[in-house]
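Below is one structure, written out as structure tokens; the observations come after it.
Lettering of chains follows the sequences in order, A, B, ..., and the numbering in each one begins at 1.
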Protein chains: 2
Amino acid sequence: MKSVNTAMGTNAPRLDDQLCFLLYTASREVTRQYQPVLKALDLTYPQYLVMLVLWEQSKPISVSEIGKRLHLDSGTLTPLLKRLEQKAIITRRRNDRDERQVDIQLQSKGLEMKRHAAEVPGKLLCRFDDAQLKRLQELREELKSVLGLLINE
Amino acid sequence: MKSVNTAMGTNAPRLDDQLCFLLYTASREVTRQYQPVLKALDLTYPQYLVMLVLWEQSKPISVSEIGKRLHLDSGTLTPLLKRLEQKAIITRRRNDRDERQVDIQLQSKGLEMKRHAAEVPGKLLCRFDDAQLKRLQELREELKSVLGLLINE
DNA sequence: AAAAATTAAATTGTACACAATTCAATTTTG
DNA sequence: CAAAATTGAATTGTGTACAATTTAATTTTT
């Protein structure tokens with residue numbers, strides 16, 4: 001009862017106890033920790049997420065489909081994808097069947113990066129012991145299921 | 001063992017199973033849900049976080065102290081605080097004792113907003129039932145403790 | 001089939017984040 | 001005390017996020 005009330009009550013909300021703030025902080029903290037590792041791949045963290053989508057595919061995929069997976073819109077993706085194109089990691093091509101769509105395809109450079117990228121999670125997780133990894137994994141499951149709660153409705 | 005291995009293994013990392021991606025998505029999703037509620041206060045979500053810090057204080061507080069609480073630097077805070085100043089919510093003043101510091105103080109408008117803001121969490125949480133609130137609370141505790149793991153080291 | 005509605009990207013504009021640098025004020029050292 | 005180091009904000013530059021609008025292409029209606 002106590003802690004539910006602190007969240008719902010009429011008191012001023014306490015910063016450190018707010019789920020939203022913890023998510024906001026944790027997300028930025030994790031992104032920060034990815035950065036030095038991703039620097040070797042010359043990718044930002046959002047660019048890395050786009051690459052994960054593309055590596056899962058191997059087929060060309062539309063901008064909106066990428067957006068659906070990452071919950072990002074064209075306002076974010078279009079300039080990001082143009083940067084990946086400039087780095088010769090992907091190509092952007094209008095779809096012949098539906099000229100509204102732009103298909104994103106890996107270039108050979110982008111495909112080859114997959115091998116390097118496979119080492120990324122390990123580099124970040126290696127500093128945790130088994131007990132800590134287990135906690136991360138539990139948090140992941142909790143978060144995955146709560147995210148379902150947040151999104152539906 | 002299985003799921004720990006999927007995170008550490010040499011396979012291509014799976015997007016939906018990555019804690020980092022879940023944090024990134026959940027954080028943005030929650031921010032999105034705050035937005036309509038905060039619009040009534042004419043605040044963005046990061047501005048709201050700064051206000052939470054200021055409401056907890058009631059004393060003037062330096063930019064760097066705000067930054068310490070929110071894990072944000074002056075590059076983010078300076079322009080944000082200038083916007084709050086323009087809206088007559090706060091004042092910015094060089095500290096007399098140490099002229100390097102800029103003290104942030106609530107204006108009367110900013111102080112009065114506290115009452116309205118007290119209703120914000122309730123407006124977001126009211127759509128969850130008791131069981132769901134309990135899960136949010138559990139996630140909060142998990143996240144709080146894991147964040148400690150991530151930050152120290 | 002023509003008009004209306006919908007969809008997919010791109011564009012525009014605002015607001016973060018954050019690395020890196022600058023500048024001034026204060027502290028620490030030699 | 002003067003030089004060196006540190007600290008606190010501000011600035012600069014890059015890269016997201018995302019609302020809102022625009023434009024072109026496709027689909028649905030009438």
Side-chain angles (χ1 to χ4, degrees), chain A residues 20-21 23-36 38-39 42-51 60-68 70-87 89-90 92-104, chain B residues 20-21 23-36 38-39 42-51 60-87 90 92-104:
Chain A
C20 58
F21 174 62
L23 286 169
Y24 167 80
T25 304
S27 173
R28 287 186 301 124
E29 182 58 34
V30 170
T31 301
R32 210 189 323 273
Q33 299 193 9
Y34 265 82
Q35 211 177 268
L38 292 179
K39 197 170 184 178
D42 189 29
L43 291 176
T44 66
Y45 182 69
Q47 288 168 6
Y48 171 68
L49 292 180
V50 168
M51 294 306 288
I61 181 176
S62 68
V63 173
S64 61
E65 184 58 32
I66 296 173
K68 213 170 290 175
L70 301 180
H71 309 279
L72 291 171
D73 70 9
S74 65
T76 302
L77 287 174
T78 297
L80 186 156
L81 291 168
K82 283 182 177 172
R83 280 175 214 118
L84 291 180
E85 185 184 37
Q86 281 186 330
K87 295 193 242 194
I89 292 171
I90 62 160
R92 298 160 65 246
R93 239 181 67 89
R94 288 276 162 192
N95 184 307
D96 287 334
R97 275 187 239 285
D98 185 341
E99 299 227 345
R100 290 171 304 182
Q101 291 180 209
V102 168
D103 283 340
I104 305 301
Chain B
C20 57
F21 174 63
L23 286 170
Y24 168 79
T25 304
S27 173
R28 286 186 303 122
E29 182 58 36
V30 170
T31 301
R32 210 190 322 277
Q33 298 192 10
Y34 264 82
Q35 213 177 267
L38 291 179
K39 197 171 185 180
D42 189 30
L43 292 176
T44 65
Y45 182 69
Q47 287 168 7
Y48 171 68
L49 292 180
V50 169
M51 294 305 289
I61 181 179
S62 69
V63 173
S64 62
E65 184 58 33
I66 296 173
K68 213 169 288 173
R69 309 275 182 95
L70 301 179
H71 308 280
L72 291 171
D73 69 10
S74 66
T76 301
L77 287 175
T78 297
L80 186 157
L81 291 168
K82 283 182 179 174
R83 278 174 217 117
L84 291 181
E85 185 183 37
Q86 280 185 330
K87 296 194 241 194
I90 62 159
R92 296 161 65 246
R93 240 181 69 89
R94 288 278 162 194
N95 184 307
D96 287 333
R97 274 186 240 284
D98 186 340
E99 299 228 344
R100 288 171 305 182
Q101 292 181 208
V102 168
D103 283 340
I104 305 300

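Heavy-atom nearest nucleotides on DNA chain C were determined for A:R94 and for B:Q47, and the one closer to the 5' end corresponds to A:R94.
Between the P atom of D:dT14 and the CG atom of A:D42 lies a distance of 14 Å, rounded to the nearest Å. Atom CD1 in B:I61 sits roughly 10 Å away from atom P in D:dA9 (whole-Å rounding). At whole-Å resolution of the value, NE2 in B:H71 and P in C:dC16 are 18 Å apart. In this structure, CG of A:N95 is placed 15 Å from C1' of D:dA24, rounded to the nearest angstrom. Here the P atom of nucleotide C:dA8 and the CZ atom of A:R92 are 17 Å apart, to the nearest Å. A straight line from CD of A:Q35 to P of D:dG15 spans 12 Å, rounded to a whole angstrom. Taking atom NZ of A:K87 as the reference point, atom P of D:dT14 lies 13 Å away to the nearest angstrom. What separates OH of A:Y34 from P of C:dA19 is a distance of 17 Å, to the nearest Å.
The B:R83 side chain lies nearest to C:dC16 when the options are D:dA24, C:dC16, D:dG8. Proximity note for B:S62 (side chain, C-beta onward) versus C:dA9, D:dA9, C:dT26: the nearest is D:dA9. Checked against D:dA9, C:dA9, C:dT26, the side chain of B:R100 finds its nearest nucleotide in C:dT26. Among the nucleotides C:dA15, D:dT26, C:dA9, the one closest to the side chain of A:E99 is D:dT26.
Of the residues in residues 72-80 of chain B, those lying under 4.0 Å from DNA chain D by heavy-atom distance are B:S74, B:G75, B:T78. For the contact set between residues 24-32 of chain A and DNA chain C, defined by any heavy atom under 4.0 Å, the members are A:Y24, A:R28, A:R32.
Although no hydrogens or angles enter the test, the distance criterion places no donor-acceptor pair under 3.5 Å between the side chain of A:D96 and the main chain of A:E99. Judged by distance alone, with hydrogens and angles left aside, the side-chain atoms of A:T31 form a donor-acceptor pair with the main-chain N or O of A:S27 at under 3.5 Å. Using a distance-only test at 3.5 Å, with no hydrogens or angles considered, no donor-acceptor pair links the side chain of A:R92 to the main chain of A:D103. A side-chain donor-acceptor contact under 3.5 Å links B:S62 to the backbone of B:E65. Distance alone, capped at 3.5 Å, places no donor-acceptor pair between the B:S74 side chain and the B:L77 backbone.
Across all strands, A:K68 comes closer than 4.0 Å to no nucleic acid atom at all (heavy-atom distances).
Because its NZ or CZ atom is both nearer than 6.0 Å to the ring centre of A:Y24 and within 45° of the ring axis, A:R28 counts as a cation-pi partner of that residue.
Between B:L38 and B:Y45, the shortest heavy-atom contact is CD1-CA, 3.7 Å.
At a threshold of 4.5 Å between non-hydrogen side-chain atoms, the residues A:R93 and A:V102 do not count as touching.
Checked for salt-bridge contact, A:E85 and A:K82 miss the test: no charged N lies under 4.0 Å from a carboxylate O.
Of the residues listed (B:L80, B:D42, B:L81), the one engaging B:Q47 in a side-chain contact (heavy atoms from CB on, under 4.5 Å) is B:L80, and it is the only one.
Within the 4.0 Å cut-off from OP1 or OP2 of D:dT11, at least one side-chain nitrogen or oxygen of B:K82 is found.
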